[in-house]
Amino acid sequence: GDAKTAVFSAGIWHFRCDLVWRRSKKDELLNISYSRAKLEERYERTKQEEKSIIQRIAEQRNNLFLSSMIARKVIKLSQKVIPGTTKSPLSEKYWRDIITQANEVYPSLEKKFSEFNMTLADLRYCYLVLFHLDTISEAILLNIQPDSVNKRRQRVRQKLGIIGEELDLYTYIINMM
């Protein structure tokens, strides 16, 4: 009987060890699962914070750009139609100032634009988009018809690869930086 009891006790002891080991592994897996959930939660929170910071930077850049002297001049010029004019109210100097100011506020903009095959008119239109003007104001500044502004916008969207997407040109340009 003692041999059977010893074998039985050894079996129980072995079963207990196995049970303890399995519980330990289960607890370890639960801890890993809990840690992973915590890490995923922290990652999502960090992603949201990053998105918020990027948004605030974009707003600050936009405010900085629109409060510049050249922006105020351009916006003022966009609000008055000069009857019988044959040229854009934006002189070459204005265009240089617009591009300089935009590149100061948005340092990677010029490099990004250079990656696309755009004409000078297309490039200037991209810079004009930064002012958030309506089609009529853009037409006044470019001294072209509103329909021509729409065609230019479509051509620029095509060159930037955003045809058919529900994304406005300003948002696309700001997000490409």
Side-chain angles (χ1 to χ4, degrees), residues 38-177:
K38 283 291 186 195
L39 284 173
E40 286 175 353
E41 183 181 310
R42 190 178 311 151
Y43 173 74
E44 288 302 318
R45 198 170 45 246
T46 303
K47 258 181 33 179
Q48 288 304 318
E49 288 171 7
E50 177 188 33
K51 193 175 182 180
S52 173
I53 290 168
I54 289 169
Q55 179 64 35
R56 288 199 316 262
I57 290 170
E59 289 168 7
Q60 289 296 319
R61 283 182 167 172
N62 181 50
N63 291 339
L64 181 62
F65 182 72
L66 292 178
S67 67
S68 68
M69 183 67 74
I70 188 63
R72 290 196 302 269
K73 288 178 184 176
V74 167
I75 291 167
K76 189 174 181 181
L77 284 173
S78 76
Q79 296 168 348
K80 56 182 172 183
V81 176
I82 302 169
T85 188
T86 58
K87 60 182 183 154
S88 166
L90 296 177
S91 66
E92 289 301 314
K93 182 187 178 335
Y94 273 121
W95 280 114
R96 281 193 305 275
D97 291 349
I98 290 166
I99 291 168
T100 298
Q101 182 64 38
N103 290 334
E104 283 178 17
V105 174
Y106 303 101
S108 62
L109 194 58
E110 190 172 30
K111 183 179 183 302
K112 288 290 187 181
F113 283 155
S114 71
E115 296 171 8
F116 300 94
N117 184 26
M118 288 194 273
T119 64
L120 179 60
D122 294 337
L123 192 58
R124 284 180 171 180
Y125 183 75
C126 286
Y127 281 102
L128 199 59
V129 166
L130 297 174
F131 292 100
H132 302 281
L133 300 170
D134 60 31
T135 302
I136 301 298
S137 298
E138 290 176 350
I140 291 169
L141 291 172
L142 296 171
N143 196 39
I144 60 177
Q145 292 298 314
D147 281 350
S148 297
V149 170
N150 291 330
K151 287 175 188 162
R152 183 165 299 167
R153 184 181 306 117
Q154 280 309 111
R155 189 172 52 250
V156 168
R157 286 175 62 87
Q158 183 178 14
K159 287 183 179 183
L160 294 174
I162 53 174
I163 294 254
E165 291 185 29
E166 290 300 315
L167 184 63
D168 70 284
L169 194 51
Y170 172 80
T171 303
Y172 182 83
I173 289 172
I174 293 305
N175 288 334
M176 66 190 251
M177 289 177 266

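Residues: numbered from 1 along the sequence shown.
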Gln79 atom CD, neighbour heavy-atom count above 12 within 6.0 Å:
yes

Crowding at CG, Asn117 (>12 non-hydrogen neighbours, <6.0 Å):
no

Got [X] and [Y] here, is their nearest side-chain heavy-atom distance under 4.5 Å?
| X | Y | value |
| --- | --- | --- |
| Tyr127 | Glu110 | yes |
| Leu123 | Phe116 | no |
| Phe131 | Ser78 | no |
| Ile82 | Ile140 | no |
| Leu128 | Leu90 | yes |
| Lys76 | Lys73 | no |
| Thr119 | Lys159 | yes |

Which atom pair, heavy atoms only, marks the closest approach of [X] to [Y]?
| X | Y | value |
| --- | --- | --- |
| Leu141 | Pro89 | O-CD, 3.5 Å |
| Leu133 | Ser137 | CB-CB, 3.9 Å |
| Phe113 | Cys126 | CZ-CB, 3.4 Å |
| Ile136 | Pro146 | CD1-CG, 3.7 Å |
| Arg152 | Asp122 | CG-OD1, 4.2 Å |

Verify, without hydrogens or angle tests, whether Thr46 (side chain) and Arg42 (backbone) share a donor-acceptor contact under 3.5 angstrom.
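Answer holds: yes.
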
Donor-acceptor pair, distance only, cut-off 3.5 Å: does the side chain of Arg124 make one with the backbone of Ile99?
no

Assess whether a salt bridge exists between [X] and [Y], defined as any Lys/Arg side-chain N lying under 4.0 Å from an Asp/Glu carboxylate O.
| X | Y | result |
| --- | --- | --- |
| Lys93 | Asp97 | yes |
| Arg153 | Glu138 | yes |
| Arg96 | Glu92 | no |

Between atom [atom1] of [X] and atom [atom2] of [Y], what is the distance when rounded to the nearest 0.5 Å?
| X | Y | atom1 | atom2 | answer |
| --- | --- | --- | --- | --- |
| Arg157 | Tyr172 | CZ | OH | 10.0 Å |
| Thr85 | Asn143 | OG1 | CG | 5.5 Å |
| Tyr125 | Arg155 | OH | CZ | 10.5 Å |
| Gln101 | Ser67 | CD | OG | 8.0 Å |
| Ile54 | Glu49 | CD1 | CD | 12.0 Å |
| Ser88 | Tyr94 | OG | OH | 10.5 Å |

Ile75 vs Leu66, test: side chain to side chain contact (heavy atoms under 4.5 Å, CB included). Steps then yes/no.
CA-CA 9 Å; Ile75 291 167; Leu66 292 178; 4.3 Å; yes

Verdict with reasoning, Leu109 to Ile173, per side chain to side chain contact (heavy atoms under 4.5 Å, CB included):
CA-CA 8 Å; Leu109 194 58; Ile173 289 172; 3.8 Å; yes

From CA spacing to verdict: side chain to side chain contact (heavy atoms under 4.5 Å, CB included), Leu160, Leu169:
CA-CA 9 Å; Leu160 294 174; Leu169 194 51; 3.7 Å; yes

Taking it one step at a time, do Tyr170 and Asn62 satisfy side chain to side chain contact (heavy atoms under 4.5 Å, CB included)?
CA-CA 11 Å; Tyr170 172 80; Asn62 181 50; 3.4 Å; yes

Test Glu50 against Lys47 for salt bridge (Lys or Arg N to Asp or Glu O under 4.0 Å), laying out the working first.
CA-CA 5 Å; Glu50 177 188 33; Lys47 258 181 33 179; over 6 Å; no

Enumerate the salt bridge (charged side-chain N to carboxylate O under 4.0 Å, His left out) contacts for residues 53-66, please, sequence neighbours excluded, ordered by first and then second residue.
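Residue pairs passing salt bridge (charged side-chain N to carboxylate O under 4.0 Å, His left out), neighbours aside: none found.
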
